[in-house]
Every structure is written in structure tokens, then in C-alpha cells.
Number of protein chains: 2
Amino acid sequence: MTDHASAADTGHVQPLEPRQLEAYFVLLEAVSLLQHAVEQHLRAEGDISYVQFQLLARLFHAPGPLTMTQLADGVVYSRSGLTYQAGLLEKAGLITRGPCPDDERATRVTLTDAGRDLFHHVLPGHVRLSRRLLFDPLSDDDVDHLGDIMTRVRDHMRAQPPRSAAPRKRRTATPALPAEAAT
Amino acid sequence: MTDHASAADTGHVQPLEPRQLEAYFVLLEAVSLLQHAVEQHLRAEGDISYVQFQLLARLFHAPGPLTMTQLADGVVYSRSGLTYQAGLLEKAGLITRGPCPDDERATRVTLTDAGRDLFHHVLPGHVRLSRRLLFDPLSDDDVDHLGDIMTRVRDHMRAQPPRSAAPRKRRTATPALPAEAAT
DNA sequence: GCTTTTTGCTTCGAATTTGAAGCATGTGAG
DNA sequence: CTCACATGCTTCAAATTCGAAGCAAAAAGC
């Protein structure tokens with residue numbers, strides 16, 4: 001565990017796996033702590049959960065209204081969970097759900113002015129908090145590297161075959177993976 | 001500070017904040033995706049949730065039994081949630097709860113052989129998955145840097161004053177923070 | 001044109017999570 | 001010693017989450 005050993009040595013001290021595991025675990029631990037803190041802050045600041053904040057952020061940055069599926073795909077979230085949260089946000093007057101002209105079954109989710117206001121209300125504190133918790137101990141270079149790394153990781157995982165949120169995306173052609181849930 | 005000095009003189013293109021925000025969001029998004037995938041895998045492989053896996057891992061790596069509080073503090077988790085999960089794990093025969101000789105109110109949580117077996121059963125696949133999802137697009141150097149960065153972040157946040165899980169840590173003397181839950 | 005399949009979303013029930021409240025033990029001050 | 005408070009854990013009700021099932025619209029096949 002405490003095997004720091006100046007990494008510059010490039011020696012084959014370890015099969016890399018332990019360091020990978022350590023990085024993996026500390027990554028999840030740190031993010032978990034961060035999420036918790038952020039959740040508390042958002043609740044206190046604007047009485048919304050982090051998921052709701054994410055939804056508002058997605059809608060805010062999108063050029064126009066989004067469908068439920070686009071939202072659920074952006075935020076990692078189950079469809080039913082999104083329906084629930086959208087219900088809450090709509091009841092709170094932060095978003096509106098309406099029919100989509102192109103696709104009769106789709107639901108167009110639109111950010112209301114109140115939603116935009118709320119987002120603007122909580123964003124500064126959110127930024128401040130994330131800076132204090134996450135970026136305080138990091139150099140500008142670290143930030144760049146971190147962003148670069150996680151962007152690659154995200155794109156890699158997004159490109160990966162089947163995501164949990166889309167178990168029905170079974171196309172007619174999936175020739176290479178017949179075995180499933182092998183005991 | 002790790003002064004890599006690569007993007008040193010590339011100009012003050014942005015006030016850094018946007019890049020920070022981007023790094024922050026992509027970090028949470030990537031981890032979210034990763035967690036989802038891991039969750040699916042653990043469920044299929046050993047019929048446990050990620051939280052339960054974390055608990056087993058903590059117990060496995062600890063020199064001896066841990067108390068509930070130590071577990072809840074390690075894993076970011078509410079006390080009551082931990083009680084619930086410990087109940088499940090105990091019912092499944094993976095851990096044992098017993099009294100602590102030092103402290104009558106504390107509960108000593110011990111990993112059973114079955115728990116150890118299960119951990120060993122799921123660990124290889126877990127490692128394989130994390131490597132495929134997280135480390136595939138990363139160089140060894142990236143892994144080192146990521147581990148380094150996140151370790152610093154974690155330690156920083158652990159050192160930060162009040163954590164969510166400990167709202168009761170109000171001492172008699174708290175001179176600097178009279179305001180609370182300000183509306 | 002009509003059936004079959006896929007897609008978008010919601011409803012439903014079960015599982016999980018949380019914060020507040022409660023209980024019992026430890027700790028320190030007087 | 002005794003009281004007040006802190007700590008460790010659990011119970012409880014309420015909120016959130018997920019997956020499966022269901023329904024309507026669209027796309028594909030024939």
C-alpha cells in the first residue's frame with residue numbers, strides 16, 4: 001500500500017496491477033466524498049439533489065429542448081428514475097414536459113425561466129465548492145491532465161458495447177456474444 | 001506540486017475556470033459510468049452490490065475486525081444505511097457482528113470465510129473489468145498521475161472540516177461558525 | 001397495406017438510502 | 001459519585017432508485 005517508490009525510476013517494481021487497483025479505488029473514494037459534499041451543498045443552497053442539478057445543467061447547455069431518452073443517456077440514470085425526477089422538477093416548475101412534433105411518443109423537456117434562475121443561483125456556489133474541494137490541492141497542470149484522462153475514459157466507456165441503461169438495444173446483429181451470465 | 005511544465009507557455013487562452021468545470025463534470029460523468037458498469041458486473045458475478053463489495057474489501061484489507069463506525073467512515077455511507085447493509089451481509093453469512101471487548105456499545109464486524117471466498121471470487125473479474133473500462137485508454141504514466149492526483153484530493157477532503165456523515169460532531173466550542181442552515 | 005419488432009415513456013412493486021429519533025454505554029466536569 | 005453530554009448503533013418513516021411489465025407510436029419486413 002505505502003509503496004510509493006519514486007515513480008520516475010521506471011523500474012519493474014510491480015506488475016502495475018497493484019498501482020492500477022490503488023488508483024481505481026482512490027478514484028472512486030475521492031469522487032464519492034466529493035459527491036457527498038456536493039449533494040449537501042446543493043440541498044442547502046437550492047433544495048435540489050445532485051441528479052436534479054445535472055438535469056438542469058444538461059438542459060441549460062443544450063441548444064434546445066431534450067427528450068427524456070437524451071436526458072437519461074446523458075446523465076447515467078434509469079428511465080423510470082428519470083420519469084420520477086422529471087415529475088418532481090415539473091411539479092417544482094423548473095421544467096416543462098410537452099409532446100414532440102417530430103416523434104409522437106417522445107417527450108420534449110424544456111427548461112423554464114425558474115429552472116434557469118435556479119441553475120444560475122446555485123452554480124456559483126457549486127463552482128466555488130468544487131474548486132475548494134477538488135482543485136485546491138491540484139496544480140493547473142494536474143487539472144489539465146485530469147480532464148484529459150477522464151475525457152478519454154469517458155469516451156472509451158461511451159463507445160463500449162452495452163450500457164446498463166439500454167438493455168433493449170439489442171440489434172438484429174450481435175454475432176460475437178451469445179454467452180451471457182455464465183455461471 | 002508536480003511541475004510537469006508542458007502547457008506552460010501555451011497562452012492564457014482561458015481563465016482556467018472553464019477548464020476546471022469541464023474536468024470536474026467529465027470526472028463525475030466518467031466515474032458514474034464506471035460505477036454503473038461495475039455494479040452490473042458485481043451483481044451478475046457474485047450477487048452483491050458495489051457497496052457490499054466495498055465493505056468486504058475494507059474488511060479484507062483491514063488487519064482485524066472493524067467497528068461499524070470505522071466501516072461507515074471508510075466507505076462513504078450513512079450509519080443507518082450501513083446497519084441495513086450489515087444486516088444483509090450477516091444474513092448472507094459473509095460477515096459476523098459481535099460485541100467489542102473495549103467498548104460495550106461498539107459492534108465488531110468480522111469477515112467470515114464465506115465472505116473472504118466471495119471476495120476472492122469476484123475480485124479477478126472486478127479487476128479485469130476496471131482494467132478494460134478504466135485503464136485501457138490510459139498509459140502507465142496516466143495511471144500514476146491519476147492515482148497521485150486522486151490521492152491528494154482524497155486526503156484533502158478527508159482533512160476538510162465537517163463531513164456529512166458526522167453532523168453530530170458539534171463540540172461545545174465552535175466559535176467560528178455560528179451561522180447554520182441559513183435561509 | 002398490414003404485421004412484427006423496436007423505441008419512448010410511464011406505472012408498478014420491491015429494494016435501498018437517508019436523516020431524525022431513540023436507546024445504551026462511555027467520558028469528563030463538578 | 002452524579003450529572004451532563006458525547007458516541008455507537010439501531011429503528012423508523014419517507015424519499016429515491018431500479019427493473020420488469022405495460023402501452024402507444026414509429027420503423028421495418030413482407
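Within every chain, numbering begins at 1; the chains are lettered A, B, ... in the order of the sequence lines, protein sequences first and strands thereafter.
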Handout entry: Pair A:Arg58 + B:Glu29, salt bridge at N-O below 4.0 Å
Key = yes

Handout entry: Nearest-angstrom distance from the residue atom OH of B:Tyr77 to P of D:dC9
Key = 16 Å

Handout entry: Side chain B:His156, main chain A:Arg132, donor-acceptor under 3.5 Å
Key = yes

Practice task
Decide yes or no, distance alone: a donor-acceptor N/O pair under 3.5 angstrom between the base of D:dG8 and the side-chain of B:Thr67.
Solution key: no

Problem - base_contact_polar (C:dG19 base, B:Ser80 side chain, donor-acceptor, <3.5 Å) - result: yes

Problem - Side-chain donor or acceptor of A:Gln52 paired with backbone N/O of A:Ser49 under 3.5 Å - result: yes

Fill in the blank from the handout: Rounded to whole Å, the CZ-C1' distance (A:Arg43 to C:dT17) equals 13 Å

Practice task
Measure the distance from CZ on B:Arg108 to C1' on C:dT25 and round it to the nearest whole Å.
Solution key: 17 Å

Practice task
Quick one: label A:Arg97 by what it contacts on the DNA or RNA (base, sugar-phosphate, nothing), any heavy atom closer than 4.0 Å.
Solution key: sugar-phosphate

Handout entry: Atom pair distance, as rounded to whole Å: OH in B:Tyr84 and P in D:dT17
Key = 16 Å

Practice task
Return the value, rounded to whole Å, for the distance between atom CD1 of A:Ile95 and atom P of C:dC9.
Solution key: 12 Å

Handout entry: Whole-Å gap separating P (D:dG8) and CG (B:Leu66)
Key = 14 Å

Exercise for the section: Please tell me which of the listed nucleotides, D:dT17, D:dA26, D:dT10, lies nearest to the side chain of A:Val51? Expected result: D:dT17

Problem - Backbone of A:Ala72 reached by a side-chain donor or acceptor of A:Arg79 within 3.5 Å - result: no

Handout entry: Donor-acceptor contact present, side-chain A:Asp117 to main-chain A:Ala114, <3.5 Å
Key = no

Practice task
Hey, which sits more toward the 5' end of DNA chain D by its nearest nucleotide, A:Glu39 or A:Pro101?
Solution key: A:Glu39

Practice task
May I ask you to say what B:Thr69 touches in the nucleic acid, namely base, sugar-phosphate or nothing, with a heavy-atom cut-off under 4.0 Å?
Solution key: sugar-phosphate

Problem - Donor-acceptor contact present, side-chain B:Asp142 to main-chain B:Ser139, <3.5 Å - result: yes

Exercise for the section: May I ask you to verify if any side-chain N or O of B:Gln85 is less than 4.0 angstrom from the OP1 or OP2 atom of C:dT16? Expected result: no

Exercise for the section: Can you tell me the distance, in whole Å, between the CG atom of B:Leu82 and the P atom of D:dT11? Expected result: 13 Å

Practice task
Considering just the side-chain nitrogens and oxygens of A:Gln40, establish if one lies under 4.0 Å of OP1 or OP2 belonging to C:dT18.
Solution key: no

Handout entry: Proximity to the side chain of B:Ser78 - top-ranked nucleotide from C:dT17, C:dT18, C:dT25
Key = C:dT18

Practice task
Answer with base, sugar-phosphate or nothing: what part of the nucleic acid does A:Thr83 contact at a heavy-atom distance below 4.0 Å?
Solution key: base

Completion exercise
Rounded to 10°, the helix from C:dG1-D:dC30 to C:dG30-D:dC1 deviates from straight, judged by its five-pair end axes, by 30°

Completion exercise
Rounded to whole Å, the CD-C1' distance (A:Glu104 to D:dC23) equals 14 Å

Exercise for the section: Compare the minimum distances between each of D:dA25, D:dG8, D:dC18 and the side chain of B:His36, then state the nucleotide with the smallest one. Expected result: D:dC18

Practice task
Name the nucleic acid region contacted by A:Leu88, choosing base, sugar-phosphate or nothing; use a 4.0 angstrom heavy-atom cut-off, strictly under.
Solution key: sugar-phosphate

Problem - A:Thr67 side chain vs A:Thr107 backbone, donor-acceptor pair below 3.5 Å - result: no

Exercise for the section: Check the pair B:Tyr50 / B:His36 against ring-ring contact (aromatic ring centres under 6.0 Å, His included), numbers first and verdict last. Expected result: CA-CA 9 Å; B:Tyr50 178 66; B:His36 243 258; over 10 Å; no

